[in-house]
Amino acid sequence: MASSGYRNGILKGSVKVEKISPSSNLKSSSIKSKTTSTQVSSVRRSSPASLGGGVGSGVKGDSGVPGRVRVAVRLRPRNAEEQVADADFADCVELQPELKRLKLRKNNWDSDTYEFDEVLTEFASQKRVYEVVAKPVVESVLDGYNGTVMAYGQTGTGKTFTLGRLGEEDTAARGIMVRSMEDILADISLETDSISVSYLQLYMETIQDLLDPTNDNIPIVEDPKTGDVSVPGATLVEIRNQHSFVELLRLGEAHRFAANTKLNTESSRSHAILMVHVKRCVKGSEAALSIENGNGSHTSKSYRPPLVRKGKLVVVDLAGSERIDKSGSEGHTLEEAKSINLSLSALGKCINALAENSPHVPVRDSKLTRLLRDSFGGTARTSLIVTIGPSPRHRGETTSTIMFGQRAMKVENMVKIKEEFDYKSLSRRLDIQLDKLIAEHERQQKAFQDELERITIEAQNHVSEVERNYAEALENEQAQYQKDYKESIKKLEEQWMVNQQKLNGDRARVEAKQESLDMGSAVAELQKSLQNEINLRKAAEEEVSSLKSQLVHWRRSEAIGNAEVLKLRKLLEDEEHQKEKLEEEITGLRSQLLQLSFEADETRRSLDRGGSGKIFTGLDSLMSQVRNSQIKDSGNGQKAPIVNLFEQVGLQKILSLLESEDADVRIHAVKVVANLAAEEANQEKIVQAGGLTSLLMLLKSSEDEMIRRVAAGAIANLAMNEMNQELIMDQGGISLLSMTAADADDPQTLRMVAGAIANLCGN
């Protein structure tokens, strides 16, 4: 019997492969699936324990679409050996494809009937097999779901032919692997989408890389939060065309272990697993359907990261089950057969547990069941094709294969779409926008400076012109008023002199007449003259009154002129104030310009660093008080210890910062408490002030790894006191520390928790 070796011998050509670091867990979103599988009786719904495990936290929504595992059966035609050995016997199975039934003959008069989702005769073409078994799964993968296509059956019944046939000699013989990649490449755009492939084999319970034979012991990694299974050590090759994919399949088949047995001249001795990762960008209406707040503002849409769907197609070519007495395996081939049968048995136990809604599914019994964790009872859309032979000599193996398919039909998955936001693409787009904004800001800054200089010059010219005009107008008005005033005074003086001379002449004439006239006529004449004199006196007095009123009028005019002069002076002062305001506005605009430049530089540096700093008002002011105190003490030649922090600031205020909404404030506060707890003199005060309770609550509620690490260190310091040990035990400290150790990934956190538990156990 030939020993195991590489299939197809040494590879003639070489295919360049490149190792790519594994992708992180993908955030995804669940929407309604396009198709829902037909339900059958005894369908498993929401089993307490499933092969799929928990759903990842990155999935948007907690519910999925039920999707039962679809099972098809394919009959292999008789080979040359069976045509001779079983020539006198009828086939042990009878197919009814139109009814999707299969009859398994027990004897010539009795048979059992089984129903499947698809029944494929020995004449079914490879294209029909692909369309009814794998194409719906491939379409789901293109829509963002995980999908699995798996072949199960006795050795030599055509599993590898169905899945992995390259079809180089006969195009119609192409298998599911080749045809699925053809459909994927035809549906995606290589400009925005990507395809990457890894090809593995599970041989003797070790995972080996078929694209890199030196990588022969790849570990399985499980996400403790989501339960997702990945093989980050596998080679991941990006596919750009069908030819390169076929070359990879040929390279993998050349490295796969095979052996010659009595049942199969080229029997696969390992389980082959092809993983195809499809990444697609969601555009148009599909993105609108996937985003919950679709009516957001234009600004929020422009800064929303693009949505990416990541589907994974897993094609599993299981090694065939065999009976040692029929296959004739011996030596190393016998050990291979035992390993194959053990892994297939573990898979059968998991399928049975899922079909019967068992509370425990033995997933960890085999690496095969761990790799297929998402395919059965998980979130993937799964199609299973079971291959059987017609020979009545293998009725037992055929029955076992059919029953495996029947049990698999009772397993139901919760199919969920896998979506995430492409933050790297958003970051690149924001960098471009930032560069454009900086350039535009520089242009606007230059234009603003030019406009500011122009406005400043115009304002200065305008102010100078206004000052000059007002000065000239003021001088002209003053000169005019002074001239008018002097002329008015001169006229009044001249008129008064004339009136005075006239009055003196009239008096002289009256005296002369009185002397010449006699006494009688003189009296009459004197009376008449006196009357005339009185009249003249009244006229003169009226004229004097008129002159006085004119003088008053001219004085009022002078006062009005002075008031206008004062008004002009006030206007001039207002203009000077406006000038000062303009200068202040110019100074403010310049300061705003400097602020805008500073903010632009700060924004650029913040984006380069990947985040912006925060100002912690509560804790920073608290720490500043400590620093000032330390500086003061250092000036006196003394060093202020941190244990006196609560005397300077107040222990209660420090503990209140442990409940701050700001994560960075809590981190600094818990560090201060941890340092204070390191001194035995402060431990009792911290416990009496409720510090122990606050630390335990923080350890229980916080999700920040650093906060939990420092809080565990503080509890470890408090646990060095026997009285504190009892308090920690009474408040459930051991349970919280154990939960923290179970959830922690950081070695520092684990050491802190271990120190706290060690101190508690010290007594």
Side-chain angles (χ1 to χ4, degrees), residues 57 225 423 598-599 602-603 605-633 639-679 681-719 724 727-728 731-733 736-737 739-741 743-753 755-756:
S57 60
K225 296 181 179 178
Y423 290 98
F598 178 75
E599 289 177 356
E602 285 297 320
T603 305
R605 286 194 294 269
S606 299
L607 286 177
D608 291 341
R609 290 195 302 267
S612 61
K614 298 181 180 177
I615 300 175
F616 312 113
T617 58
L619 190 62
D620 287 349
S621 63
L622 184 150
M623 293 305 295
S624 65
Q625 296 178 27
V626 179
R627 294 191 188 100
N628 293 334
S629 176
Q630 290 178 348
I631 292 172
K632 182 176 179 181
D633 292 340
K639 184 178 180 181
I642 195 171
V643 296
N644 293 329
L645 181 62
F646 63 90
E647 296 177 356
Q648 302 166 1
V649 179
L651 180 60
Q652 197 62 38
K653 185 174 180 181
I654 298 174
L655 296 178
S656 65
L657 293 178
L658 295 176
E659 302 176 358
S660 174
E661 295 181 357
D662 195 315
D664 290 328
V665 172
R666 293 198 304 271
I667 291 174
H668 288 295
V670 75
K671 287 183 178 179
V672 171
V673 175
N675 289 329
L676 290 174
E679 296 292 334
N682 298 330
Q683 293 178 0
E684 183 177 356
K685 297 179 181 179
I686 293 173
V687 173
Q688 290 177 354
L692 176 59
T693 304
S694 299
L695 289 172
L696 292 174
M697 291 299 296
L698 198 62
L699 192 65
K700 179 179 180 181
S701 60
S702 177
E703 297 180 359
D704 189 276
E705 189 74 17
M706 181 176 291
I707 291 177
R708 293 192 294 177
R709 179 170 67 248
V710 180
I715 293 173
N717 290 336
L718 294 176
N724 295 340
L727 292 175
I728 294 172
Q731 297 183 24
L736 290 176
L737 290 171
M739 292 172 60
T740 303
D743 296 337
D745 296 329
D746 185 15
Q748 292 288 344
T749 304
L750 294 176
R751 281 195 288 272
M752 290 293 183
V753 173

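Sequence positions, counted from 1, serve as the residue numbers for this chain. No hydrogens, no waters, no symmetry mates; every other heavy atom, side chains included, goes into these values.
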Peer 1: Could you report the tightest heavy-atom contact between Leu695 and Ala714, atom names first, then the distance?
Peer 2: CD1-CB, 3.7 Å
Peer 1: Can you tell which of Thr693, Val670, Asp704 makes a side chain to side chain contact (heavy atoms under 4.5 Å, CB included) with Leu698?
Peer 2: Val670
Peer 1: Can you tell me how far the CG atom of Leu718 sits from the CG atom of Asn682, to the nearest 0.5 Å?
Peer 2: 10.0 Å
Peer 1: Can you name the residues that form a side chain to side chain donor-acceptor pair (under 3.5 Å) with Asp746, not counting sequence neighbours?
Peer 2: Arg709
Peer 1: Shortest non-hydrogen contact from Ala711 to Leu699?
Peer 2: CB-CD1, 4.4 Å
Peer 1: Evaluate the side-chain proximity of Val672 to Leu657: yes if any heavy-atom separation is below 4.5 Å, no if none is.
Peer 2: no
Peer 1: Just wondering, do Thr740 and Met752 contact through their side chains at under 4.5 Å, heavy atoms?
Peer 2: no
Peer 1: Is a donor on one side and an acceptor on the other found under 3.5 Å between the side chain of Asn717 and the backbone of Ala674?
Peer 2: yes
Peer 1: Please report the closest heavy-atom contact between Ala756 and Ala712, naming both atoms and the distance.
Peer 2: CB-O, 3.9 Å
Peer 1: Hey, what do you get for OG (Ser702) to CG (Leu658), rounding to the nearest 0.5 Å?
Peer 2: 10.5 Å
Peer 1: Could you measure the distance from the CE atom of Met697 to the CD atom of Gln731? Nearest 0.5 Å is fine.
Peer 2: 10.0 Å
Peer 1: Roughly how far apart are Glu705 CD and Thr749 OG1, rounded to 0.5 Å?
Peer 2: 4.0 Å
Peer 1: Holding to side-chain contact (heavy atoms from CB on, under 4.5 Å), I want the full list of residues that pass it with Glu684, two or more places apart in sequence or in another chain.
Peer 2: Gln688
Peer 1: Taking all heavy atoms of Gly755 and all of Ala716, pick out the closest pair and write down the distance.
Peer 2: C-CB, 4.1 Å
Peer 1: Which pair of non-hydrogen atoms, one from Gln748 and one from Arg751, has the smallest distance, and what is that distance?
Peer 2: NE2-NH2, 2.5 Å
Peer 1: Hey, mind stepping through Ile715 and Leu736 against side-chain contact (heavy atoms from CB on, under 4.5 Å) and telling me if it holds?
Peer 2: CA-CA 11 Å; Ile715 293 173; Leu736 290 176; over 6 Å; no
Peer 1: So, for Ile654 and Ala669, which heavy atoms are closest and what is the spacing to 0.1 Å?
Peer 2: O-CB, 4.1 Å
Peer 1: First locate atom CG of Leu676, then atom NZ of Lys671, and finally report the distance between them rounded to the nearest 0.5 Å.
Peer 2: 14.5 Å
